**Student:** 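One structure, pasted below without further comment.
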Amino acid sequence: DALSDITSKGTIRIAVPQDFPPFGSVGTDMKPQGYDIDMAGLIADKLGVKLELVPVTSANRIPYLQTGKVDLVISSMGKNAEREAVIDFSTAYAPFYNGVFAPADTKIGGAADLAGKTVGVTRGSIEDLELTKIAPADATLKRYEDNNGTISAFLSGQVEAIATGNVVAAAIVARNPPKKPEMKFLIKNSPCYIGMNKDEPALKDKVDAIIAEAKTDGDLNKISEKWLGMDLPADL
Amino acid sequence: MTQFTLSAIVMALIHATGWTVVLSLVSFAGGGLLGLVLLFARIGKSRWLQILVKGYTELFQGTPLLMQLFLAFFGLGLFGIDVAPWVAATVALILWTAAFLAEIWRGCVTAIPKGQWEASASLGMTYFEQMRHVVLPQALKISIPPTVGFSVQVVKGTALTSIIGFVEVTKAGTILANATFQPFTVYGLVALIYFCLCFPLSYSAKVLERKMNVAHRH
Amino acid sequence: MSLIAIDALRKSYGSNEVLKGIDLKIEKGEVIALIGKSGSGKSTLLRCINGLETINEGAITVGGQQLVNDELHLRNLRQKVGMIFQQFNLFPHKTAGQNVMLAQQVVKKKPKAEAEAMARRMMERVGLADKFDSYPDQLSGGQQQRVAIARALAMEPTALLCDEVTSALDPELVAEVLQVVRDLAKEGMTLVMVTHEMAFARDVCSRLVFMHQGRIHEVGRPEEVFANPKTPELRSFIGMAH
Amino acid sequence: MSLIAIDALRKSYGSNEVLKGIDLKIEKGEVIALIGKSGSGKSTLLRCINGLETINEGAITVGGQQLVNDELHLRNLRQKVGMIFQQFNLFPHKTAGQNVMLAQQVVKKKPKAEAEAMARRMMERVGLADKFDSYPDQLSGGQQQRVAIARALAMEPTALLCDEVTSALDPELVAEVLQVVRDLAKEGMTLVMVTHEMAFARDVCSRLVFMHQGRIHEVGRPEEVFANPKTPELRSFIGMAH
Amino acid sequence: MSYHFNFDWVATYWPVFLSGIWMTIQLILVGGICGIALGIFCAWARTQGPRWLGWIVAIYVELIRNTPFLIQLFFIFFGLPAIGVHMNEVAAAMLAMVINLGAYSAEIIRAGIEATPKGQFEAGASLAMSPIQTFRHVVLVPALQKIWPALASQVVIVMLGSSVVSQIAVQDLTYAANFTQSRTFRAFEAYFASTLIYLGLAIVLRFALLRFGDMIFATRRRATR
Ligand SMILES: Nc1ncnc2c1ncn2[C@@H]1O[C@H](COP(=O)(O)OP(=O)(O)OP(=O)(O)O)[C@@H](O)[C@H]1O
Ligand SMILES: Nc1ncnc2c1ncn2[C@@H]1O[C@H](COP(=O)(O)OP(=O)(O)OP(=O)(O)O)[C@@H](O)[C@H]1O
Ligand SMILES: [Mg+2]
Ligand SMILES: [Mg+2]
């Protein structure tokens, strides 16, 4: 099975994002860094194997997994029923509050107010899935290839609002752009899960165990403080 | 979060440009070799091979390179063949390049006047000898400008390898744009880098072509 | 036995029958002029003799061997029968000398030195010894055509087919090429030539073949044919070409 | 006043002086044959008269108006002086009729019906009424050249410049084109033609102009010039062309 | 690997694909027609137009031909708003395609014009036509006819290249594939299907263009002697 393959090889390959700060982006050395990368490091440590990071995009992360090019996907991935039919998910490893953000002068109080508005969102993200469900029919959703497109679209005024994680929005504000995204309403508290191939119970149990342990011994909290600037929420 | 200076961005992009260059060179060299094989099959006498190569060209010229890369990398994986990204990237780019080069070169061969074939035939040369001594040397000469011109497309085509995890210059640009929130600076630099890579190629293609039209000799 | 024997030859392009049963025997040393209106099938006939076109019916025999359409036979045939085209068709990437040497080297497998010696002799014969190292585009049309003749001669053919070898030339340059052909005829080379130069045909040829609409309409010694054309078609043709 | 007056005309291509001071007056109704060796500048002279080349020195006056090199003047001039080329230069994507109609419609802004009526008259005049809807590549060379003449005539020029209008034609087709030109001459059209057809020049032309190395070497009535060439160059030229 | 292809999603997502195909077709229709028109204008400017215009066109053509389409797209969509020019993503994609095809077809058409025998220009001039009239009535059609197959190939290339417009959220065929795979994680099936559809589109498009060429240039192809 996958777990014994990993331990016998002594290496684990983990897919991580590189265009989704603060979960995954690059430093000046062009090496990935972020919440997801630290999480990957934690898992490799606990398994006692070497870590090999594979940068992926939201478009190709699942094929990477399915073709056995990576063992795990830690890519701030949310789950839904359709996805669960294809791959397995661990327990949640990171909080993710996503909401709709817009400049202060745009009036949005809830999903219903999106009517007639254009909202940018990163395709395939959790907020994409959720917003698609709750947005009124005459709201226009613009789905960009990656987070970069979503942010650029917002900053250049191509969309009136964006749906994204609060931490992502915070990262934008921190850079003091001409348009400051302000949280209008929370879409969903939808935590992130680690993805793995189906029918690998041993691996799934092991990963779940590591997450559980990290939650109790405070390791995960440290990562959260480092990248999200807040404590791990209790309900995770 | 890490702060990028302009020079850090430039350095990172230039570093990634290395991959663009290597990928371009490998695809072009490999595509050239394969293209030559395809060319011979295409202009050869075997009808069967001709149809095969025609189908091949149709397939690779008729689908987006993006999809080809994707299917080369992950599609082979599905059949249990584990290919490294650089293998898949070069394989796909080579197959794609070869399809175009073979067509370009076929055009050059057919551009040789019929009289050249007839004159060499009437001197008793075989098909192979006609090719080797009369047609190909002339076709080779006229093929240089369009071939150099096409290399620009190869350089630009390498941009799409990001889909299978290559951090070449376009991908590096996307990542950096996201890490810095300065998309205009970053994309400006990316465009500039491509222009510096491509313009000398397209310019020399043009010069070669002009030269050929003026001094029609040797 | 005739050097070239053509027997009930028919040739069509698609549904267009261009040669409608040609019979012609050509003896060694004869100089034949093929005349006739544009489209009457003169070029096609020459091309059939040289195997550049596959024939539909009938037979062509050259030097006792029947023309079969496979590469080996054709190669053999073409070493016996040279052809010179209206458009010269020199190889532009080779010098005049190399043009003359090439086929000797690759077809006859002659060593380079021998091929070169032969090439120099032939270039001399057509009066171009000093142009050996010139490229075709450095030569006038007349000179190019003479190189083409040298190139054919270097293969030591027993017969030469010439298709309007002067019609692509400026009037001033025609004479020099015709002079070379005239010399060849004198030396006993078998020549079959399509030509519009009636005066030349009259002077040099042993027989005149008048083609009309894919058939041989009249054949005879030039002085007879010119003096006394039997058919109205030939009469009108001669009248036009005066 | 002369219809066309050329005065001390000089024309160079780069450092190569092609016309070295040409003086020539052409009256209305004259038929002039320009003869001379290849490269002597005959085509260049015609092209200068029609403003296709800019001149370096001297002056050209047509119908009292001096030739100035701006678009408006040139267009005016060219409506008065038509030109016919060796290579016909028909527009391949238009039928014969459309070739004749085009310039009338776009230059003279004639309504289509009027242009077509004129085109049909001109096609009839050159004997091609039935080829109105044929495309150039469906016509023989002679027919194409006659369409080119019709096209020029449809603009109702006061003079026609003809540059070797028969040299690109097969011998059989020359006569039909020359017949059209002969008719034009009879009808009083002013013609300036470069030609190699000496017999024709002698029959039809009112004056013969012999050019040599960029200069007018001899001028005169054809019967005089042919009978009694004054310069050795013309003598040798007539000898060659016989 | 034991991957099981599963096309169940087709039942749910085919409308996405259909509208993706329709968008791709719209893109290439607008891009193709306006791009070739722009190409004709640029080819004219470079061969007959005033010198300064020729230079501008030359710079435009080189800039476009030597940078990737994706980067051009980003500039139009994300960059132009910075100077106050807003357009929606479809307009941006179409504009990018027009500009791109315009540059390539300008070069192709120019080659056709330059291959036009000098005699054609002279015949036009000697019939007192102005240079623009000569260009329009005499030169253009045969030049286009000569290079039509090359132009058709270029249009197909631009159509295939349009697969990146999904990056700015244009809902084209690639978008449909990406969208479907992001919902179902059935990436292979989605990409495989879209690849086949692209192939079909490419074949149909080239065929249609060549037939169209035969039609409008029918004149010469008829009965040649
Ligand atoms: N490759 C070809 N395909 C179809 N038809 C052809 C081909 N070559 C020649 N023909 C036709 O065959 C007929 C005879 O052509 P051929 O060239 O033999 O005439 P020709 O007597 O040599 O005329 P010319 O004096 O013009 O050279 C013509 O009607 C021509 O259209
Ligand atoms: N566009 C040009 N550029 C440079 N030189 C030219 C050009 N056109 C003609 N010439 C030169 O000008 C000279 C005269 O040419 P022109 O065409 O007027 O001669 P011609 O008397 O018409 O000869 P032909 O009988 O061969 O037509 C020649 O030496 C030719 O090489
Ligand atoms: Mg012929
Ligand atoms: Mg001339």
Side-chain angles (χ1 to χ4, degrees), chain B residues 20 58-71 74-82 100 103 107 146 149 152-153 155-160 162-163 169-171 173-174 177 183-184 186-203 205-206 209-210 213, chain E residues 1-5 24 58 61-75 77-82 104 107 111 114-115 149-150 153 156-157 159-164 166-167 173-174 177-178 181 187-188 190-206:
Chain B
T20 298
E58 196 69 51
L59 182 66
F60 280 88
Q61 294 192 347
T63 56
L65 177 58
L66 189 75
M67 300 287 169
Q68 292 168 25
L69 280 162
F70 186 89
L71 292 175
F74 299 114
L76 286 178
L78 279 189
F79 297 103
I81 307 163
D82 188 27
F100 278 89
E103 272 304 287
V152 175
Q153 305 308 321
V155 174
K156 294 200 284 178
T158 59
L160 301 175
S162 55
I163 182 90
V169 71
T170 302
K171 183 67 188 176
T174 322
F184 309 129
V186 174
Y187 289 133
L189 287 170
V190 172
L192 185 67
I193 289 176
Y194 273 107
F195 191 81
C196 293
L197 287 178
C198 296
F199 184 69
L201 291 172
S202 52
Y203 184 73
K206 222 171 249 176
E209 193 173 351
R210 207 171 307 140
N213 288 340
Chain E
M1 288 306 298
S2 53
Y3 187 86
H4 297 291
F5 278 90
T24 294
V61 166
E62 291 308 328
L63 273 181
I64 297 302
R65 277 160 41 101
N66 290 299
T67 52
F69 179 62
L70 185 59
I71 302 288
Q72 296 159 16
L73 192 65
F74 282 169
F75 261 112
F77 191 64
F78 297 134
L80 288 187
Y104 279 97
E107 286 296 281
E114 281 169 359
S153 301
V156 172
I157 288 173
M159 189 271 283
L160 296 174
S162 78
S163 62
V164 300
S166 64
Q167 303 248 354
L173 179 50
T174 304
N178 281 333
Q181 81 95 10
F188 299 109
Y191 286 131
F192 198 68
S194 64
T195 304
L196 281 184
I197 296 172
Y198 269 117
L199 182 60
L201 282 178
I203 291 172
V204 169
L205 181 60
R206 170 168 304 124

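Each chain gets a letter, A, B and so on, in the order the sequences are listed, and its residues count up from 1. Owing to the predicted nature of the structure, the values given are computational and were not obtained by experimental measurement.
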**Student:** Identify which part of B:Phe100 has an atom lying under 4.5 Å from any heavy atom of chain E, answering side chain, backbone, both or neither.
**Tutor:** side chain
**Student:** Quick one: what part of B:Gln153 sits under 4.5 Å from any heavy atom of chain E, side chain, backbone, both or neither?
**Tutor:** side chain
**Student:** After noting the C-alpha distance and the side-chain angles of E:Leu70 and B:Lys156, does the key distance pass the side chain to side chain contact (heavy atoms under 4.5 Å, CB included) rule?
**Tutor:** CA-CA 10 Å; E:Leu70 185 59; B:Lys156 294 200 284 178; over 6 Å; no
**Student:** Decide yes or no for E:Val164 and B:Leu160: does some side-chain heavy atom of the first lie under 4.5 Å from some side-chain heavy atom of the second?
**Tutor:** yes
**Student:** By a 4.5 Å heavy-atom criterion (distance strictly below it), what part of B:Leu192 contacts chain E: side chain, backbone, both, or neither?
**Tutor:** neither
**Student:** Measuring from B:Phe195:CZ to E:Asn66:CG, what's the distance to the nearest 0.5 Å?
**Tutor:** 5.5 Å
**Student:** Check whether E:Ile64 gets within reach of chain B through its side chain, its backbone, both or neither, counting any heavy atom under 4.5 Å.
**Tutor:** backbone
**Student:** Does a sphere of radius 6.0 Å around CZ in B:Phe199 hold more than 12 heavy atoms from other residues, nucleotides or ligands, not counting ones at 6.0 Å or beyond?
**Tutor:** yes
**Student:** In Å and rounded to the nearest 0.5 Å, what is the CZ to CD distance from E:Arg206 to B:Glu58?
**Tutor:** 5.5 Å
**Student:** Under 4.5 Å from any heavy atom of chain B, what part of E:Phe69 do you find: side chain, backbone, both or neither?
**Tutor:** neither
**Student:** Return the CG to OH distance between B:Leu69 and E:Tyr191, rounded to the nearest 0.5 Å.
**Tutor:** 12.0 Å
**Student:** If you measure from CG on E:Leu73 to OH on B:Tyr187, what distance do you get to the nearest 0.5 Å?
**Tutor:** 10.0 Å
**Student:** Check each atom of E:Leu63 against the heavy atoms of chain B and say whether the ones under 4.5 Å are side chain, backbone, both or neither.
**Tutor:** both
**Student:** Checking heavy atoms, do the side chain of E:Leu205, its backbone, both or neither come under 4.5 Å from chain B?
**Tutor:** neither
**Student:** Give me the atom names and distance for the closest heavy-atom approach of E:Ala202 to B:Gly62.
**Tutor:** CB-O, 3.4 Å
**Student:** Calculate, to the nearest 0.5 Å, the distance between atoms CG and CD1 belonging to B:Leu65 and E:Ile157 respectively.
**Tutor:** 11.5 Å
**Student:** Given heavy-atom pairs under 4.5 angstrom as the criterion, report whether the side chain, backbone, both or neither of E:Ile71 touches chain B.
**Tutor:** side chain
**Student:** Answer with side chain, backbone, both or neither: which region of E:Gln72 has an atom nearer than 4.5 Å to a non-hydrogen atom of chain B?
**Tutor:** neither
**Student:** Can you give me the closest heavy-atom contact between B:Ser202 and E:Glu62, atom names plus distance?
**Tutor:** OG-OE1, 3.7 Å
**Student:** Could you grab the distance from atom CD of B:Gln68 to atom CG of E:Leu160, nearest 0.5 Å is fine?
**Tutor:** 8.5 Å
